[in-house]
Undergrad: 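Supplied in structure tokens, the structure appears directly below.
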Amino acid sequence: MVSAGNEALWRARVFDERRAADVAALEEVRRQPDTVTLDHRARLRDELSGLRDLPDRRIVDEPCRWVHYPWRRELVGIIGPQSFSLVRLDRNRNKITRDEQARLRRLRVGIVGLSVGNAIAQALALEGLCGELRLADFDSIDLSNLNRIPVGITDVGVNKAVVAARRIAELDPYLSVSVHTAGVTDASVDAMVDGLDLVVEECDSLDVKMSVRRAARGRGIPVIMETTDRGLLDIERFDLEPQRPLFHGLLGDLDEASVAGLTAQEKIPYALALLSAAELSVKMAASLVEVGSTLSTWPQLGSEVLAGASAVATAVRRFGLGESLPSGRVRIDSGTLLNGLRDPLVDDDGSHSDIPESSVESAVAPTRPADGVEAVLEAIRWAPSGGNAQPWSLQVDGPLIHIHADRDRTSLMDVDGRATHVAIGAAVYNAKVAAAAHGILGHTVLLPDPDSVDLVATVTLGDHRNQFLAQRYPSMLERRTNRGVGARVPIDRGLEDALGDAARDEGGRLHLYTDPHELAAFGDVVGAADRIRYLTPMLHEQMIGELRWPGSDTARTGIDIRTLGLGNGEGAFLDVVRRSDVVTRLARWGAGEALGISARDRITSSSALGVVTVPGSRLEDYVRGGSAAEAVWVCAQENGFGVQPMSPVFLYARDSYDCVRLSDPFASELDALRVSMRGLLDLSGEESIALVLRLSHCPPETVRSARLPANRIRR
Ligand SMILES: Cc1cc2nc3c(=O)[nH]c(=O)nc-3n(C[C@H](O)[C@H](O)[C@H](O)COP(=O)(O)O)c2cc1C
């Protein structure tokens with residue numbers, strides 16, 4: 001029987017002052033002399049307006065309500081139902097997104113047995129895992145329940161379902177709850193389960209357990225049960241398997257009629273079969289032997305009840321969201337799991353796993369061979385390249401040094417090899433500087449052989465002298481990427497001119513930006529592109545694949561993470577966002593704004609952003625652009641500035657088709673960013689960006705990313 005009975009015992013009454021009847025009833029409550037009024041409306045409205053990412057700002061105008069709790073004699077002013085739910089469940093996000101919350105609100109759940117079921121009901125209500133709860137228990141609270149039912153001494157003597165319903169109403173007066181104070185009987189079982197999506201069965205009586213399951217199975221409703229000893233969670237998916245035997249068949253073909261006639265003693269073997277006696281904890285098993293002599297009934301611990309509620313809530317959430325939840329049993333046994341305590345820095349074999357900073361191999365650096373040819377080759381070897389891929393191979397033929405593109409060391413961002421050509425352009429500049437320093441400067445021909453597209457440059461050694469280039473030799477060898485966040489020290493006019501000249505001498509043009517607003521505009525574009533780089537699976541995989549953890553591998557390509565200039569907390573952030581499952585989830589949510597913050601902040605905190613462009617868009621233009629960028633880089637570093645290339649992922653895309661190749665899902669967003677970057681630079685026609693450099697005033701970088709050994713890049 002549904003005991004609508006005295007609903008005032010457990011149902012909070014919600015008043016909406018837009019309704020005349022409610023206004024009158026509210027007045028009546030207010031007139032009761034012992035009513036205490038708590039007006040939380042302003043405070044809750046403040047919380048509501050403080051929420052981030054509100055789906056619709058108009059929600060702040062939702063009318064408030066008054067809620068009367070007769071058993072507390074309290075009248076509380078709160079925000080309306082939708083606002084209430086947004087605020088109350090905001091901290092669920094995004095472990096449970098707003099969309100998922102809405103789906104879960106459609107779930108109708110019945111709980112039979114409100115001892116263990118009390119904690120389960122609270123967990124479901126607390127987490128917002130259902131929109132309707134039906135609670136059934138005939139029993140009332142005893143003092144001896146208070147070791148495991150999280151209620152109070154004032155609840156002793158009150159029906160267990162009523163107590164649970166009250167706490168839920170105090171938590172969320174808008175949640176639809178009904179109460180069956182007669183428990184579940186043969187007569188009421190149909191009314192109890194009819195129309196539910198899920199039943200949680202937590203009663204002690206074998207015949208009620210059976211009749212609840214039979215009624216649920218007949219309606220295709222799944223049943224979840226938790227038996228607290230060693231955290232046994234039990235799932236019966238009658239919705240998916242309408243013929244599935246009750247209790248997985250553990251009780252054979254026993255039915256309610258035969259159970260009803262059994263004495264308590266005779267029921268024990270069945271109860272033990274249900275609990276998998278062999279797997280009971282020792283103390284539980286031994287205690288069962290004592291039941292009836294030194295113990296009145298079997299023991300149950302509050303912590304186990306709460307842990308069981310958490311397991312059930314997790315299962316209900318999976319069910320409600322259509323995630324995997326097959327029929328079966330599992331033990332979520334924290335007692336046993338605690339035996340697995342391990343020192344996080346010690347591997348299973350007892351060795352220490354992590355890499356204390358000091359144990360890292362000492363830094364690598366270029367050498368200064370006396371021999372001119374060797375010096376030129378060494379200078380090329382230490383040229384910068386995207387992701388430190390070193391996409392080149394070298395062939396020495398008398399006075400000729402051929403630099404070939406190595407197509408195996410490329411990436412998605414290297415659209416049509418443009419980044420490779422920029423890197424080789426930087427290598428050509430280095431080669432010229434080393435040659436000049438050794439008095440063997442000659443000339444360079446770009447893409448000398450139309451039949452060999454991989455031959456990007458031939459550096460011919462000669463006997464020219466160029467004092468200006470020769471003087472760059474020490475600083476060229478010292479050049480490195482500096483990713484630190486610096487102080488915004490201004491760049492003086494003289495240096496601006498010198499940087500511009502350096503680019504021009506190599507056939508490029510430097511666009512230099514120092515105005516904070518302009519830096520912010522570039523920062524926004526590069527930051528937004530970085531976000532897309534994280535959220536596109538292949539780009540993310542390649543970006544993370546470029547990173548090298550010191551001591552963890554011997555690859556001599558890629559970027560040593562010690563050179564990332566990671567500030568406080570950024571290392572831990574990287575540990576999160578390097579995970580493909582994490583970024584996939586962010587992409588699914590259309591979220592991840594924070595992924596662009598690091599690039600944006602680095603640009604806005606810089607002294608300047610220098611964009612090196614070239615007049616054309618052929619591959620040889622990109623090679624010249626690389627030389628120009630390297631010349632700017634060396635000059636800036638010589639003058640005390642740290643330099644970091646900041647390559648937005650679209651940097652080497654030339655049109656919308658290239659953007660599709662980079663990231664199908666974000667192609668149009670990328671293309672728009674590409675166009676706005678060109679707009680910020682006011683680029684005309686074929687003018688192309690070779691490299692974007694951020695100049696900042698920060699301490700010199702001490703670590704260098706390694707290079708492949710000379711013999712690995714020689715043909
Ligand atoms: C075409 C190109 C693109 C690059 N893009 C970036 C970038 O987006 N971010 C970055 O931190 N470094 C970038 N770099 C710098 C390289 O990662 C760096 O040169 C390489 O790791 C070698 O380290 P080093 O410059 O300290 O010798 C780029 C370099 C080149 C040549």
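Every number for a ligand or one of its atoms is a count from 1 in the order of the listing.
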Undergrad: Quick one: look up the protein heavy atom nearest atom 19 (O) of ligand 1 and list residue, atom name and how far away it is.
TA: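 Answer, as residue, atom name and distance: P384 CB, 3.1 Å.
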
Undergrad: Numbering the atoms of ligand 1 from 1, which are under 4.0 Å from a heavy atom of R479?
TA: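 Within the 4.0 Å cut-off of R479, ligand 1 contributes 24 (P), 25 (O), 27 (O).
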
Undergrad: Report yes if some N/O of W382 lies less than 3.5 Å from some N/O of ligand 1; otherwise report no.
TA: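 No, there is no polar N/O contact under 3.5 Å.
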
Undergrad: For the 3.5 Å polar cut-off, considering only N or O atoms, please tell me whether P645 and ligand 1 meet it.
TA: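 So ligand 1 has an N or O lying under 3.5 Å from an N or O of P645.
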
Undergrad: Does D530 pair with R602 as a salt bridge, N-O distance under 4.0 Å?
TA: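 Between R602 and D530 there is no salt bridge, as every charged N stays at least 4.0 Å from the carboxylate O atoms.
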
Undergrad: Where the side chain of R98 meets the backbone of L89, is there a donor-acceptor pair that is under 3.5 Å apart?
TA: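 Looks like no, no N/O pair under 3.5 Å.
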
Undergrad: Output yes when D416 and R661 qualify as a salt bridge under the 4.0 Å nitrogen-oxygen rule, no when they do not.
TA: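 Counted as a salt bridge, because a side-chain N and a carboxylate O are separated by less than 4.0 Å.
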
Undergrad: Any atoms of ligand 1 less than 4.0 Å from a non-hydrogen atom of S385? List them with their elements.
TA: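 Near S385, the atoms of ligand 1 are 16 (C), 17 (O), 18 (C), 19 (O), 20 (C), 29 (C), 30 (C), 31 (C).
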
Undergrad: Which ligand 1 atoms does L691 reach within 4.0 Å, using its non-hydrogen atoms?
TA: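 By the 4.0 Å cutoff, the relevant atoms are 1 (C), 2 (C), 3 (C).
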
Undergrad: Which of the atoms of ligand 1 are close to G386, meaning less than 4.0 Å from one of its heavy atoms?
TA: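 Counting from 1, the qualifying ligand atoms are 2 (C), 3 (C), 4 (C), 28 (C), 29 (C), 30 (C), 31 (C).
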
Undergrad: Sub-3.5 Å donor-acceptor pair from the side chain of R480 to the main-chain atoms of R704, do we have one?
TA: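 Looks like no, no N/O pair under 3.5 Å.
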
Undergrad: Nearest non-hydrogen contact with atom 5 (N) of ligand 1 belongs to which option: A629, A426, G558, S647?
TA: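 Nearest option to atom 5 (N) of ligand 1, by heavy atoms: S647.
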
Undergrad: Angle class for the Y473/H438 ring planes (parallel below 30°, perpendicular above 60°, tilted otherwise)?
TA: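 Geometry flag for H438 against Y473: perpendicular rings.
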
Undergrad: Considering only non-hydrogen protein atoms, determine which one is nearest to atom 21 (O) of ligand 1 and report residue, atom name and distance to 0.1 Å.
TA: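 Nearest protein contact, heavy atoms only, for atom 21 (O) of ligand 1 is N388 CB, 3.3 Å.
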
Undergrad: Taking NZ, NE, NH1 and NH2 as the nitrogens, is one of them in R483 or E570 under 4.0 Å from a carboxylate oxygen of the other?
TA: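 Salt bridge between R483 and E570, a charged N being under 4.0 Å from a carboxylate O: no.
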
Undergrad: Between the side chain of S705 and the main-chain N/O of I559, is any donor-acceptor distance below 3.5 Å?
TA: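 No; judged by distance alone, with no hydrogens or angles, the pair does not exist.
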
Undergrad: Parallel, tilted or perpendicular for Y622 and Y652, by the 30°/60° rule?
TA: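 Geometry flag for Y652 against Y622: perpendicular rings.
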
Undergrad: How far is atom 11 (O) of ligand 1 from the closest protein heavy atom, and which atom is that?
TA: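 Checking every protein heavy atom, the shortest distance to atom 11 (O) of ligand 1 gives R483 NE, 2.6 Å.
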
Undergrad: Polar-atom distance check: S705 versus ligand 1, any N or O pair below 3.5 Å?
TA: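 Min N/O separation from ligand 1 is not below 3.5 Å for S705.
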
Undergrad: Run the numbers on E630 and K432 for salt bridge (Lys or Arg N to Asp or Glu O under 4.0 Å), then give the verdict.
TA: CA-CA 12 Å; E630 177 75 338; K432 288 195 300 188; over 6 Å; no

Undergrad: Numbering the atoms of ligand 1 from 1, which are under 4.0 Å from a heavy atom of R707?
TA: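 This gives 22 (C), 23 (O), 24 (P), 27 (O) as the contact atoms.
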
Undergrad: Please state which protein non-hydrogen atom is closest to atom 24 (P) of ligand 1 and give its distance, to 0.1 Å?
TA: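 So the nearest neighbour among protein heavy atoms is T481 OG1, 3.4 Å.
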
Undergrad: Heavy-atom contacts with Y652 under 4.0 Å: which atoms of ligand 1 show up? List them by number with element.
TA: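 Counting atoms of ligand 1 from 1, those under 4.0 Å from Y652 are 1 (C).
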
